[in-house]
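For this chain, numbers begin at 1 and follow the sequence in order.
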Amino acid sequence: MNKDINIKQMRTHCFRMSKVPGEFMLQLRVPGGVVNAKYLAMVQYMAQTWGNGVFHFGTRQTFDIPGIHIDHVPAVNEYLEEYIRTVEGELGVNMDTMAGEPEPWDPSQGYPAIGSRNITACIGNIHCPLGQVNTSALAHKIEPLIYPSHYNIKINISGCANDCNKAHVADYGIVGCSLIDYHPERCIGCGGCVKACKRGATGVLSLNKSARVDKDMSACVGCGECVRVCPTGAWTRRPTKFYRLFIGGRTGRQNPRMGEMFLNWASEDVILGVIENWQKFSAWVMDYKPEYLHGGHLIDRAGFKKFKEMILDGVELNPECIVAEDLYWHERESRANFLVKPLEEHHVAGPRS
């Protein structure tokens, strides 16, 4: 029997259409890629009861359950309510809001919005010896700032400059880093840090004539390799956790590109403040009528100067933080002149008359 299915509405509630008519895939949010193992039993039950018996680890670290027929969606949503209330509730997410504005949640519809997309994160310093920050803890603080919302943004968090989680190709890419202090009175001039930096980082260290180490801060990525190899503790990390914020990166068919660094040596409070302003910026660009467009496209429409003005509004920068004065992205033209088109087809930002 044929049915009229509102595909856009289904996607809003985190059900993705498949190639099989009437079948969908449910995407469960897992903020920061870490969730209590007890929820695996719920994923298994949904996959075996209403899906096709398998689940997919989504590229955005979601639990994806394919093979759900449209007739089973109400039962899935009823079962899903516990997962949403506990996983999101434990992070302080207010499900009765939309983009920060009051809007009662109807649990019978499942997830209220597909945006913002699930925040992804590497394992960070809770396990990785190279991790500079607790990535999942940061993701859990960000989640209530961006969800639920119909404005889309992809946020990737990496615990160190290795960027295993591909922060450079996200709307917002956050990379943990450390500010390293040098204590020359402890240095024995062995050169171990110089070799380690050259071998595994950016080669910013050099031995001077006094057998002490000089450092070019402009190219330091805060990876802490010097700290790891120093036998005398001449290099130490500051207790404060710092971050780099890359913006505007994306994959895609039309105009993929790498993100550019917007903030360096930003504190956690600065990162959270900037992200908290995201809803306001998105709403302004879209004239309060959200479409399925991600953050990099919205920055393009508004222009970097306007983005910087709105995203830093009310944010108190820590003394170490430095900000990009301007950004110039290099677009990879998958087809010639895709940015050259009639004036009436150009996108605009802000209120429309």
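A distance-only check finds a donor-acceptor pair linking the side chain of Asn277 to the backbone of Ile311 [under 3.5 Å]. A donor-acceptor pair under 3.5 Å is absent between the side-chain atoms of Glu23 and the main chain of Ile70, judged by distance alone. Counting only distance, with no hydrogens or angles, the side chain of Thr202 and the backbone of Cys220 share no donor-acceptor pair below 3.5 Å. Judged purely by atom type and a 3.5 angstrom limit, Asn152 has no side-chain atom pairing as donor or acceptor with the backbone of Tyr292. Within the 3.5 Å criterion, the main-chain N or O of Trp265 finds no donor-acceptor partner in the side chain of Arg244. Panel note: side chain Lys305, backbone Glu325; a donor-acceptor pair is recorded below 3.5 Å. Looking only at distances, no side-chain donor or acceptor of Asp216 sits under 3.5 Å from a matching main-chain atom of Val204. Checking side-chain atoms of Asn134 against main-chain N and O of Gly124 turns up no donor-acceptor pair under 3.5 Å. Put simply, the side chain of Asp287 never gets that close to the backbone of Lys289: no donor and acceptor are under 3.5 Å apart.
Salt bridge annotation for Lys308-Asp326: absent, with no cationic side-chain nitrogen under 4.0 angstrom from a carboxylate oxygen. Ionic pairing of Asp300 and Arg250 is present here: one or more N-O contacts between side-chain nitrogen and carboxylate oxygen are shorter than 4.0 angstrom. Under 4.0 Å is where a charged nitrogen must lie from a carboxylate oxygen, and between Arg85 and Glu81 at least one such pair does.
Under the 4.5 Å side-chain criterion, counting only non-hydrogen atoms from C-beta, Pro231 is in contact with Cys190.
Side-chain atoms of Asp214 and Asn208 include a donor-acceptor pair closer than 3.5 Å.
Hydrophobic side-chain contacts under 4.5 Å tie Met258 into a cluster, directly or through other members, with Val169.
The nearest pair of heavy atoms linking Ser136 to Ile126 is OG-CD1, 4.2 Å. Closest of all the heavy-atom pairs between Ser267 and Tyr243 is C-CD1, 4.1 Å. The two atoms that bring Ile299 and Gly248 nearest to each other are CD1-N, 4.3 Å, heavy atoms only. Of all the heavy atoms in Pro31 and Val87, the pair that sits closest is CD-CG1, 4.2 Å. The minimum heavy-atom distance linking Pro148 with Thr97 is given by the pair CG-O, 3.5 Å. In terms of heavy-atom proximity, Gly159 sits nearest to Cys122 at N-SG, 3.1 Å.
Counting only residues at least two apart or on different chains, no ring-ring contact (aromatic ring centres under 6.0 Å, His included) pair has a member in residues 110-163. For residues 24-43, the pairs satisfying ring-ring contact (aromatic ring centres under 6.0 Å, His included) are Tyr39-Tyr83, with sequence neighbours left out. Evaluation of the salt bridge (charged side-chain N to carboxylate O under 4.0 Å, His left out) test over residues 135-155, restricted to residues two or more places apart or in two chains, returns Arg29-Glu143, Lys141-Glu268. Applying the salt bridge (charged side-chain N to carboxylate O under 4.0 Å, His left out) test to every pair with at least one member in residues 51-69, sequence neighbours left out, gives no pairs at all. For residues 344-353, no pair satisfies salt bridge (charged side-chain N to carboxylate O under 4.0 Å, His left out), with sequence neighbours left out. Note on residues 160-179: pairs passing side chain to side chain donor-acceptor pair (under 3.5 Å), not counting sequence neighbours, are Thr120-Asn165, Gln132-Ser178, Ser158-Asp163, Asp163-His168. Within the structure, every pair that satisfies the salt bridge (charged side-chain N to carboxylate O under 4.0 Å, His left out) test and touches residues 223-240, not counting sequence neighbours, is listed here: Asp181-Arg238, Glu225-Arg228, Arg238-Glu320.
The ring of Phe281 has its center no closer than 6.0 angstrom to the ring center of Trp284.
A distance of 9.5 Å separates CG in Leu263 from CD1 in Ile322, rounded to the nearest 0.5 Å. Atom-to-atom distance recorded for Asn318:CG and Asp269:CG is 8.5 Å, nearest 0.5 angstrom.
Checked against Ile155 for a side-chain contact (heavy atoms from CB on, under 4.5 Å), the options Leu138, Asn118, Ile146 give a single hit: Ile146.
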Which pairs of donor and acceptor atoms, one on a side chain in residues 88-96, lie under 3.5 Å apart (sequence neighbours left out)?
unit_1	atom_1	unit_2	atom_2	d
Asn94	OD1	Asp96	N	3.0
Asp96	OD1	Trp105	N	2.8

With a 3.5 Å cut-off and sequence neighbours excluded, list the donor-acceptor pairs that the side chains of residues 40-51 form with protein atoms.
unit_1	atom_1	unit_2	atom_2	d
Thr49	OG1	Tyr45	O	2.7

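No more than 12 heavy atoms of other residues, nucleotides or ligands sit less than 6.0 Å from atom CE of Met17. Atom NZ of Lys198 has 12 or fewer heavy atoms from other residues, nucleotides or ligands within 6.0 Å. With a 6.0 Å radius and a threshold of 12 heavy atoms from other residues, nucleotides or ligands, Glu185 has its CD atom above the threshold. Counting non-hydrogen atoms of other residues, nucleotides and ligands closer than 6.0 Å to NZ of Lys195 gives a total of 12 or fewer.
For Leu327, the side chain to side chain contact (heavy atoms under 4.5 Å, CB included) partners are Ile247, Glu260, Phe304, Ala324, Trp329, not counting sequence neighbours. Take Gln109 and apply the side chain to side chain contact (heavy atoms under 4.5 Å, CB included) test, not counting sequence neighbours, and it matches His13, Asp106.
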